[in-house]
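Everything numeric in this text was worked out from a predicted model, so none of it was measured.
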Amino acid sequence: MKTDPESFIRNNTSLMAPPHVPEIRLHLASEAHELWLRTEDELEEIGLPPPFWAFAWAGGQGLARYILDHPETVTGKTVLDFASGSGLVAIAAKRAGASHVLAVDIDPWAGTAIRLNAVENGVTIDFSGDDIIDRTVDADVILAGDVFYDRDFAASLVPWLRQLVGEGRLVLVGDPGRAYLPKDRLEARAIYQVPVTRALEDSEVKKTTVWRFLAG
């Protein structure tokens, strides 16, 4: 990496509580930070992939809220947080009593952000940077916030998640109405009105649903 991730994160974010999950504090970027305004070319220049880990996306906030409000979903269970980003959902799962939490994200910067955020919230979370789509996973519960934003990515996710559900695993998805959400394979569990940043989304509040993925 051209830039030290930990130093960069500490210098370009602040500790903030996502509005829908005030119990948790994360290293996040806001309009007050230079990171918010950097272009894709500028990020590439310093060796930084798009910093999804620096923002609390609506799907993740909704899913984290659901887990904290329904701890029985994860208590005593092994949990995998897929495309973890900041680690918000993973942290919520650990706080809710999961026996083990693995956060997975192919962005190595997310690994650093998750480690820093886990320490800030007094929890221990393992991290993997592997691409695990189509792999068998060792987890009772799979959590995925805001993952259906891209056509090709969604197309690769659906059969894998169906397979995991078919193996008897619980798969929960947090989504604020992304374009490629496979609604015909989902069952709604909860609906939230999640405050978000207009610069990231098309409104200041996003209706966000927590869905259970179905095998059929």
Path from Val196 to Val173 over hydrophobic side-chain contacts below 4.5 Å: no
Considering non-hydrogen atoms only, spot the tightest contact between Pro176 and Thr208 and give its length. CB-OG1, 3.5 Å
Is the side chain of Ser7 donor-acceptor paired with the backbone N or O of Asp4 at a distance under 3.5 Å, no angle test? no
Same cluster or not: are Leu181 and Leu214 linked, directly or through other Ile, Leu, Val, Met, Phe, Trp or Tyr residues, by side-chain heavy atoms under 4.5 angstrom apart? no
Consider side-chain contact (heavy atoms from CB on, under 4.5 Å). Of Leu164, Val165, Val158, which one does Arg162 pass it with? Val158
Would a hydrophobic clustering, with Ile, Leu, Val, Met, Phe, Trp and Tyr connected at side-chain separations under 4.5 Å, put Val123 with Leu68? yes
Minimal non-hydrogen separation, Ala190 against Tyr66, with atom names: CB-CD1, 3.6 Å
Between Val171 and Val89, is there shared hydrophobic-cluster membership here, with clusters defined by ILVMFWY side-chain heavy atoms closer than 4.5 Å? no
Give, for atom CZ of Arg135 and atom CG of Asp130, the distance between the pair rounded to the nearest 0.5 Å. 5.0 Å
Quick one: are Asp69 and Tyr192 in side-chain contact, heavy atoms under 4.5 Å? yes
Would a distance-only check, ignoring hydrogens and angles, find a side-chain to backbone donor-acceptor pair under 3.5 Å from Arg169 to Val137? yes
So, taking the atom named CD1 in Ile9 and the one named CZ in Arg115, what distance separates them when rounded to the nearest 0.5 Å? 8.0 Å
Criterion side-chain contact (heavy atoms from CB on, under 4.5 Å) on Ile125 and Ile91, from CA distance to verdict: CA-CA 7 Å; Ile125 293 169; Ile91 292 167; 3.5 Å; yes
How long is the straight-line distance from CG of Leu186 back to CG of Leu161, given to the nearest 0.5 Å? 9.0 Å
State, to 0.1 Å, how close Pro71 and Ala96 come at their nearest heavy-atom pair, and which atoms those are. CB-O, 3.6 Å
Taking all heavy atoms of Val79 and all of Ala139, pick out the closest pair and write down the distance. C-CB, 4.2 Å
Side chain to side chain contact (heavy atoms under 4.5 Å, CB included) partners for Asp107, two or more places apart: Pro49, Trp53, Asp105, Trp109, Ala110
For a 4.5 angstrom cut-off between non-hydrogen side-chain atoms, does Val21 reach Leu26? no
May I ask you to decide whether Lys77 forms a salt bridge with Glu72, counting only side-chain N to carboxylate O separations under 4.0 Å? no
To check you understand the geometry: which heavy-atom pair defines the closest contact between Leu63 and Gly145, and what is its length? CD2-N, 3.9 Å
Please give me the minimum heavy-atom distance between Gly62 and Val210, naming the atom from each residue. O-CG2, 3.6 Å
Any side-chain heavy-atom pair of Leu172 and Phe213 under 4.5 Å: no
Keeping Asn121 on the side-chain end and Ile24 on the backbone end, is there a donor-acceptor pair under 3.5 Å? no
Trp57 and Leu88: CA distance, side-chain angles, deciding distance, side-chain contact (heavy atoms from CB on, under 4.5 Å) verdict: CA-CA 9 Å; Trp57 300 91; Leu88 169 59; over 6 Å; no
So, taking the atom named OG in Ser156 and the one named CZ in Arg151, what distance separates them when rounded to the nearest 0.5 Å? 13.0 Å
With distance as the sole test, does Glu120 use its side chain to make a donor-acceptor pair with the main-chain N or O of His27 at under 3.5 Å? no
When rounded to the nearest 0.5 angstrom, what distance separates CG in Leu28 from OG in Ser14? 9.0 Å
Is it the case that one hydrophobic cluster holds both Ile132 and Val141, taking links as side-chain heavy atoms less than 4.5 Å apart, direct or via other members? no
Determine which pairs satisfy ring-ring contact (aromatic ring centres under 6.0 Å, His included) with at least one residue from residues 155-184, sequence neighbours left out, and list them in order. Phe82-Trp160
Does His20 reach the side chain of Pro195, with side-chain heavy atoms less than 4.5 Å apart? yes
Taken in chain and number order and not counting sequence neighbours, the residues that satisfy side chain to side chain contact (heavy atoms under 4.5 Å, CB included) with His100 are Thr78, Leu102, Asp126
Between Met16 and Arg25, is any pair of side-chain heavy atoms under 4.5 Å apart? no
Is it the case that atom CG in Leu15 sees more than 12 heavy atoms from other parts of the structure closer than 6.0 Å? yes
I'd like to know if the side chain of Thr209 and the backbone of Trp211 have a donor-acceptor N/O pair within less than 3.5 Å. no
What's the separation between atom OG1 in Thr73 and atom CD1 in Ile67, rounded to the nearest 0.5 Å? 5.0 Å
